[in-house]
2 protein chains.
Amino acid sequence: MLKTAVEIDKAAMILKLFGDRTRLTMMKILDHHDCCVCEFVEIFQASQPSISQHLRKLRDVGLVREERRGQWIFYSINKSNDYYPFVQKILDQLPDQDHKLKELEEQGTRITCC
Amino acid sequence: MLKTAVEIDKAAMILKLFGDRTRLTMMKILDHHDCCVCEFVEIFQASQPSISQHLRKLRDVGLVREERRGQWIFYSINKSNDYYPFVQKILDQLPDQDHKLKELEEQGTRITCC
DNA sequence: TGTATATATAAGCAAATCATTATATAATGA
DNA sequence: TCATTATATAATGATTTGCTTATATATACA
């Protein structure tokens, strides 16, 4: 009974995070590729603090992880999150966003350090 | 390309609506049973305008339909919505909420008109 | 026809959200 | 060591959200 209520609440919390175009696209990209903050800044043509704040929300609930690699901080999907199976079924239904990374590569702004 | 962007945007719009505990639970219930407004008022112990406003948001994007039956207005899932397959895959992962309707039946507040 | 019931809608308000600007921190490289 | 680059965080403000209260409308029923 109680467990059920908690699960619906937790699902709603995740869906609320996904109810933002930027965060949803981030998650779709991260499901296939790690990315650093500055790549997202390029992809979304958004300010760096704005991107950092979106990533922080995703990190705060354990959906993504951060890892420093030299000068950059890379984000990746946290596949060991309890709700990853739920998350994955949603992301699987979204159109591939690889073209956004391809554009960065063509521009030469994709970070391929480490 | 453009189509892709629109689809992600549309998905984000739906997920934003689902990012609310009340609306998400409503959708899960409606996926199996039609319900009228006063039943939701009982289930969520919420005010009637609050429930009506949530239902309106779901209706405005075509996720649910309304239909008058005598004194009551019943809401149902709109399975012909383009995004219903997407919606259904999300709802399928949520715990069954039938116990909420059972409680109404036990209380005698379930509407079974028409 | 008048009253009660079910619902929708409008207006107002507090809280949440999302961007911006400003600043701090950490790593790199000259 | 100093300047640059990448990032996080704090503070602020505009917008959105979700509730409440008040009111309008439609049906049912005596």
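Every chain is numbered from 1, with letters handed out A, B, ... down the list of sequences.
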For a quick test of your reading: what N or O donor-acceptor pairs under 3.5 Å do the side chains of residues 11-20 of chain A make, sequence neighbours left out?
residue, atom, partner, partner atom, Å
A/D20, OD1, A/T22, N, 2.9
A/D20, OD1, A/R23, N, 3.0

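Rounded to whole Å, atom C1' of D/dA26 lies 8 Å from atom CD1 of B/I73. Atom CD in A/Q45 sits roughly 17 Å away from atom C1' in C/dT20 (whole-Å rounding). Put simply, CZ on A/F44 is 14 Å from P on C/dC18, counting in whole angstrom units. Atoms CZ (A/R68) and C1' (C/dA27) sit 6 Å apart, rounded to a whole Å. Whole-Å rounding puts the A/R21 CZ to C/dC18 C1' distance at 15 Å. Nucleotide D/dA26 holds its P atom 20 Å from the CZ atom of B/F74, rounded to whole Å. Atom CD in A/Q71 sits about 19 Å away from atom P in C/dT25, given to the nearest Å. Between A/L17 atom CG and C/dA16 atom P the separation is 15 Å, expressed in whole Å.
Contact between the side-chain N/O atoms of A/R56 and the OP1/OP2 oxygens of D/dT9 is found at a separation under 4.0 Å. One finds no side-chain N or O of A/Y75 lying less than 4.0 angstrom from the OP1 or OP2 phosphate oxygen of D/dA6. At the phosphate of D/dT9, OP1 or OP2 sits under 4.0 Å from a side-chain N or O atom of A/R59.
Here the closest heavy-atom approach between residue B/C35 and residue B/L30 is recorded as N-CD2, 3.7 Å.
Taking the charged nitrogens against the carboxylate oxygens, A/K102 and A/D98 have no contact shorter than 4.0 Å, which rules out a salt bridge.
Using a 3.5 Å distance cut-off with no hydrogens or angles, the side chains of A/Y84 and A/D31 do pair a donor with an acceptor. Side chains of B/S52 and B/R59: no donor on one and acceptor on the other come within 3.5 Å.
Between B/E7 and B/Y83 the shortest side-chain heavy-atom distance falls below 4.5 Å.
Screening B/V64, B/I77, B/L63, B/L55 for a side-chain contact (heavy atoms from CB on, under 4.5 Å) with B/M26, the sole residue that qualifies is B/L55.
As the counterpart of C/dA30, D/dT1 is assigned, both hydrogen-bonding distances of the Watson-Crick or G-U wobble pattern falling under 3.5 Å.
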**OP:** Take nucleotides 15-25 of chain D nucleotide by nucleotide from the 5' end and write B, S or -, depending on whether a protein heavy atom sits under 4.0 Å from the base, only from the sugar-phosphate, or from neither.
**Re:** --SSBBBB---
